[in-house]
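Quick one: the structure is below, and I'll ask about it shortly.
Quick caveat, the model's predicted, so the values are computed rather than measured.
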Amino acid sequence: IMTLTAGQSTVLTGGSISITTGEGTESTSGAITIRTANAGSSGVSGVMTFSSGTSSSGTTGTVWIGSGAATAGTGGSITMTVGSGTSGAGGIMTLTAGQSTVLTGGSISITTGEGTATTSGAITIRTANAGTSGVSGVMTFSSGTSSDGTTGTVWIGSGAATAGTGGSITMTVGSGTSGAGGIMTL
């Protein structure tokens with residue numbers, strides 16, 4: 001086992017760990033690769049955990065994952081993927097905000113980039129196409145249940161336009177080439 005641990009402090013902030021690659025003053029800076037080794041003939045590959053510690057009094061630490069800003073170019077991309085399965089289901093990706101026992105639970109916000117002089121970024125949420133058999137995945141937009149009070153509202157809307165036309169909202173169901181088209185229920 002290899003362990004990298006910074007120093008403890010009983011009165012001030014504990015020690016930090018900083019890993020920085022070399023700068024390329026005329027070219028690309030160095031890369032960092034953090035990964036577990038492939039699994040052997042049996043078993044699974046090692047787990048990777050990126051997490052801040054717990055807190056007994058106060059807020060826990062923040063986890064930041066981001067690419068740097070580009071002065072004269074495109075900002076770097078962030079890609080998160082789960083593995084495919086050749087003899088079982090593909091991996092699952094779960095995004096869950098924090099629970100609170102006394103106040104409102106944590107929120108999840110997904111916002112595209114602003115185009116200060118042109119179009120802002122788009123968001124596409126869709127399931128993959130079905131294979132040679134089966135159906136494409138289900139999509140569910142729903143608020144949770146409530147045991148005492150009103151359930152959450154679901155809002156779908158386009159933004160207001162100051163000097164132009166407001167955006168459209170289109171809802172369609174799929175056509176069928178060997179059966180009835182899809183059903184829309186409101």
Side-chain angles (χ1 to χ4, degrees), residues 20-21 23-24 27-35 48-52 59-86 88-100 103-146 150-186:
T20 306
T21 65
E23 178 184 3
S27 183
T28 307
S29 61
I32 292 180
T33 301
I34 303 175
R35 66 184 300 268
M48 292 188 65
T49 302
F50 294 92
S51 173
S52 63
T59 305
T60 60
T62 302
V63 177
W64 285 97
I65 299 177
S67 63
T71 303
T74 304
S77 300
I78 296 176
T79 303
M80 297 178 64
T81 60
V82 294
S84 59
T86 59
I92 298 173
M93 180 181 291
T94 303
L95 181 62
T96 305
Q99 181 188 26
S100 175
L103 295 175
T104 303
S107 300
I108 294 176
S109 176
I110 302 176
T111 306
T112 65
E114 178 185 3
T116 55
T118 182
T119 308
S120 61
I123 291 180
T124 301
I125 302 175
R126 66 184 299 268
T127 64
N129 296 335
T132 55
S133 63
V135 298
S136 58
V138 175
M139 291 189 65
T140 303
F141 293 93
S142 173
S143 64
T145 61
S146 174
T150 306
T151 60
T153 302
V154 177
W155 285 97
I156 299 176
S158 63
T162 302
T165 304
S168 301
I169 296 176
T170 304
M171 297 178 66
T172 61
V173 294
S175 59
T177 59
S178 61
I183 298 174
M184 180 182 291
T185 303
L186 296 177

Distance-only criterion, 3.5 Å: show the donor-acceptor pairs between side-chain atoms of residues 168-179 and protein atoms not counting sequence neighbours.
none

Looking at every heavy atom in both Ala161 and Gly166, which two are closest together, and how far apart are they? CB-N, 3.9 Å
Between Ser67 and Gly76, the two heavy atoms sitting closest are OG-O, 2.7 Å
side-chain contact (heavy atoms from CB on, under 4.5 Å) partners for Thr111, two or more places apart: Ser109
Under the side-chain contact (heavy atoms from CB on, under 4.5 Å) test, which residues partner Ile183, sequence neighbours left out? Thr185
Listed by chain and number, what are the side-chain contact (heavy atoms from CB on, under 4.5 Å) partners of Ser100, not counting sequence neighbours? Val102, Leu103
Matching residue for Ser143 among Thr150, Thr151, Thr153 - test: side-chain contact (heavy atoms from CB on, under 4.5 Å): Thr151
Acceptor/donor pairs from residues 113-132 side chains to any protein atom, 3.5 angstrom cut, sequence neighbours excluded:
{"residue": "Arg126", "atom": "NH2", "partner": "Asn129", "partner atom": "OD1", "Å": "3.1"}
{"residue": "Thr127", "atom": "OG1", "partner": "Gly137", "partner atom": "O", "Å": "3.1"}

Counting neighbours of CD1 on Ile108 that are heavy atoms of other residues, nucleotides or ligands and sit closer than 6.0 Å, is the number greater than 12? yes
